[in-house]
Amino acid sequence: MKSTWRPGRWLIILPPLLFLLVFFLIPFAFAFKISFAEAAPRVPPFTDVISFTRDHHLQLSVSLGNYRYLLTDEVYAMAYLYSLRTAFFSTLICLLLGYPMAYAIARSPRSRQGLLLLIIMLPFWTSFLLRVYALEGIIRDNGFLNTALLHLGLIHHPLRIMRTSLAVYLGIIYSYLPFMVLPLFATLEKLDPTLLEAAADLGSTPRRAFLDVTLPLSLPGVIAGSMLVFIPAVGEFVIPSLLGGPNQLMIGRVLWDEFFGNHDWPVASAVAIAFLLLLVGPIAIYQYYSVRQLDT
Amino acid sequence: MEGRSSAALLTVLFFGIALLYLPILVLIGYSFNASPLVNVWGGFSLAWYGRLLHNRQLLEGALLSLEVALAASTGAVVLGTLAAVALVRFARFPGRLLLTGMVNAPLVMPEIITGITQLLLFVSMVQLLSWPHRGFTTIVLSHITFCTAYVTITVQSRLQQADRSLEEAAMDLGASPARAFLEITLPIIAPAIISSWLLCFTLSLDDLVISSFVAGPGASTLPMVIYSKVKLGVSPDINALASLIVCAVGACILGAGYLMLRSDRRRALEAQAALTGRS
């Protein structure tokens with residue numbers, strides 16, 4: 001190790017290390033600390049957890065009240081379950097819709113694949129917030145869909161989609177579909193077509209060959225795409241806030257309301273810490289191990 | 001994997017693409033509607049575009065967002081490239097695992113958690129150091145934090161593919177490690193740096209959640225202004241603004257995509273020509 005020691009290295013390592021330490025990791029320590037404080041009408045709006053008394057003794061005033069509140073008020077458990085359920089089912093629908101799309105692109109002539117991928121990814125580059133707003137224009141009570149259906153005489157009363165769970169599902173599927181298609185395409189494209197020919201030679205029907213060869217081999221893409229949809233969907237705020245109603249309480253929205261509506265920073269911190277431990281932690285650990293598995 | 005696709009597959013593909021584009025196209029249509037009511041066509045009009053020029057709140061938000069995006073994507077590119085170089089080139093150093101974790105974690109962290117924790121940091125920092133003031137500075141700092149992750153991932157993979165022997169050859173010929181990096185490696189990873197700068201720029205320009213937490217009372221970025229307007233319902237001004245943004249971004253991406261596709265195709269043709277011995 002001695003021979004590779006060069007102090008110049010630290011000029012490269014230290015800036016990103018220190019920056020991320022201060023602005024990414026240490027904030028969690030503050031959130032953890034403040035989750036044990038109590039809301040107070042002052043600036044900033046919470047009590048001190050760690051303070052010094054007049055004779056310079058360290059004083060800790062830890063309140064577990066916020067966490068007890070999370071356990072007793074059923075809004076939090078409901079929001080947590082609703083977020084999980086919504087993210088799970090919208091990921092599933094994205095998969096069912098995205099898989100054939102990725103498959104069709106992978107089977108199209110190579111000269112056209114680039115263009116098709118560009119078309120799929122283009123919406124991702126435009127503003128997420130504006131796309132959710134654009135979807136609202138379609139599904140509002142007097143929006144494009146209802147106006148068109150009423151004109152065609154297919155319905156006599158406008159369909160009520162806004163402020164329902166259906167609107168939240170549509171929002172998530174619409175916003176995150178490109179994230180599903182891209183990794184699926186990447187694995188399907190690499191698939192060796194001679195494997196399918198071999199399966200056919202050995203007497204497999206196309207359906208059987210798909211189930212036995214294509215699907216298992218595309219599993220890494222399925223997992224990668226599902227993670228890319230599920231993770232942001234679970235913590236989603238904009239979609240339930242703009243498209244959902246008061247019943248579509250997702251955890252991100254609860255956190256936002258606690259913070260901006262009730263100005264209860266300590267409870268919001270406790271929600272964030274609990275969310276982190278119950279959801280983000282397991283996902284991060286899973287990702288860490290699955291990436292390591294791919295590397296070896 | 002090339003081959004024939006069944007009609008069913010192609011139908012799903014076009015249905016999916018239609019789903020992605022219909023809302024945007026309808027929104028652009030609405031933006032030319034003279035009537036402020038969404039379900040009544042009042043004739044073609046550019047009035048909402050004209051009104052944008054007089055909306056000070058939107059213009060100030062747009063200016064702030066552009067300044068933030070410029071500063072944040074540049075800062076993130078510098079820090080992210082350094083982190084990528086450290087992770088790819090230095091096999092062992094104290095804090096390597098920590099750096100790996102901190103580079104990857106922001107990608108799976110819900111924005112709302114990043115936002116609230118960073119606000120609590122800034123508030124506590126002000127108590128201790130009376131810095132930073134909430135506004136431009138805090139928004140830029142938090143955008144750099146989440147953008148750095150994307151830069152590191154992109155540059156890292158490019159750097160892993162880069163041929164190390166070119167740099168070693170330069171050093172054998174007497175170049176210092178710094179010079180070899182600047183003259184050989186940097187040009188190789190430049191495309192990754194540029195594309196991640198663009199990605200950071202759009203991510204920063206688009207961010208609502210983190211900015212809302214850390215911005216403080218005085219400053220409102222464009223997404224914050226838009227959110228507070230559309231929260232109240234449909235707004236014809238926003239239709240016009242959204243159409244402008246979508247068209248501008250779309251034109252940039254299509255242009256960049258066209259250039260990339262063309263250079264890919266040219267490279268493929270050259271490879272073919274080289275293989276068949278024709279030029």
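A, B, ... follow the sequence lines: proteins, then strands. Residue 1 opens every chain. Just the heavy atoms: all of them, side chains too, but no hydrogens, waters or symmetry mates, feed the values below.
- With a threshold of 4.5 angstrom between heavy atoms, A:Phe24 approaches chain B through its backbone and through its side chain.
- When all heavy atoms of A:Met250 and A:Ala233 are compared, the pair lying nearest together is CE-O, 3.2 Å.
- Ranked by heavy-atom pairs shorter than 4.5 Å toward chain B, the options A:Ser269, A:Gly252, A:Ser241 are led by A:Ser241.
- Between the side chains of A:Ser218 and A:Tyr99, a donor-acceptor pair is found at a separation under 3.5 Å.
- Both the backbone and the side chain of A:Ile12 come within less than 4.5 Å of a heavy atom of chain B.
- The candidate with the highest count of non-hydrogen atom pairs below 4.5 Å against chain B, out of A:Phe28, A:Trp265, A:Tyr133, A:Phe144, is A:Tyr133.
- By number of non-hydrogen pairs under 4.5 angstrom with chain B, the leading residue of A:Leu25, A:Leu255, A:Ile119, A:Leu118 is A:Ile119.
- Contacts with chain A were tallied for B:Val249, B:Ile112, B:Leu25; B:Ile112 has the most, counting heavy-atom pairs under 4.5 Å.
- Proximity to chain B (any heavy atom under 4.5 Å) is restricted, for A:Phe237, to the side chain, taken from C-beta onward.
- Considering only heavy-atom pairs separated by less than 4.5 Å from chain B, the leading option among A:Trp256, A:Phe128, A:Phe275 is A:Trp256.
- With a 4.5 angstrom heavy-atom cutoff, A:Leu135 touches chain B via backbone and side-chain atoms both.
- Looking at every heavy atom in both residues, B:Phe213 comes nearest to B:Arg134 through O-NH1, 4.4 Å.
- Remark: side-chain polar atoms of A:Gln113 are paired, donor with acceptor, to backbone N or O of A:Ala106 under 3.5 angstrom.
- Using a cutoff of 4.0 Å between basic side-chain nitrogens and carboxylate oxygens, A:Asp48 and A:Arg42 are scored as salt-bridged.
- Of the atoms belonging to A:Phe260, it is side-chain heavy atoms, and not backbone ones, that fall under 4.5 Å from chain B.
- Proximity to chain B (any heavy atom under 4.5 Å) is shown, for A:Val234, by neither the backbone nor the side chain.
- Neither the backbone nor the side chain of A:Leu14 comes within contact range of chain B; no heavy atoms are under 4.5 Å apart.
- A side-chain contact (heavy atoms from CB on, under 4.5 Å) with B:Leu79 is found for exactly one of B:Thr148, B:Val103, B:Thr145, namely B:Thr148.
- Ranked by heavy-atom pairs under 4.5 Å with chain B, the first of A:Thr147, A:Leu117, A:Ile13, A:Leu170 is A:Ile13.
- If you measure heavy-atom distances from A:Pro232 to chain B, you find no contacts under 4.5 Å at all.
- Using a 4.5 Å cut-off between heavy atoms, A:Phe185 does not touch chain B at all.
- Heavy atoms of A:Ser127 lying under 4.5 Å from chain B belong to its backbone as well as its side chain.
- When the shell of 6.0 Å around CZ of B:Phe15 is examined, it contains 12 or fewer heavy atoms from other residues, nucleotides or ligands.
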Criterion ring-ring contact (aromatic ring centres under 6.0 Å, His included) on A:Phe230 and A:Tyr176, from CA distance to verdict: CA-CA 9 Å; A:Phe230 184 83; A:Tyr176 294 121; over 10 Å; no
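- When each of A:Leu20, A:Leu116, A:Ile231 is checked for heavy-atom pairs under 4.5 Å with chain B, A:Leu20 comes out on top.
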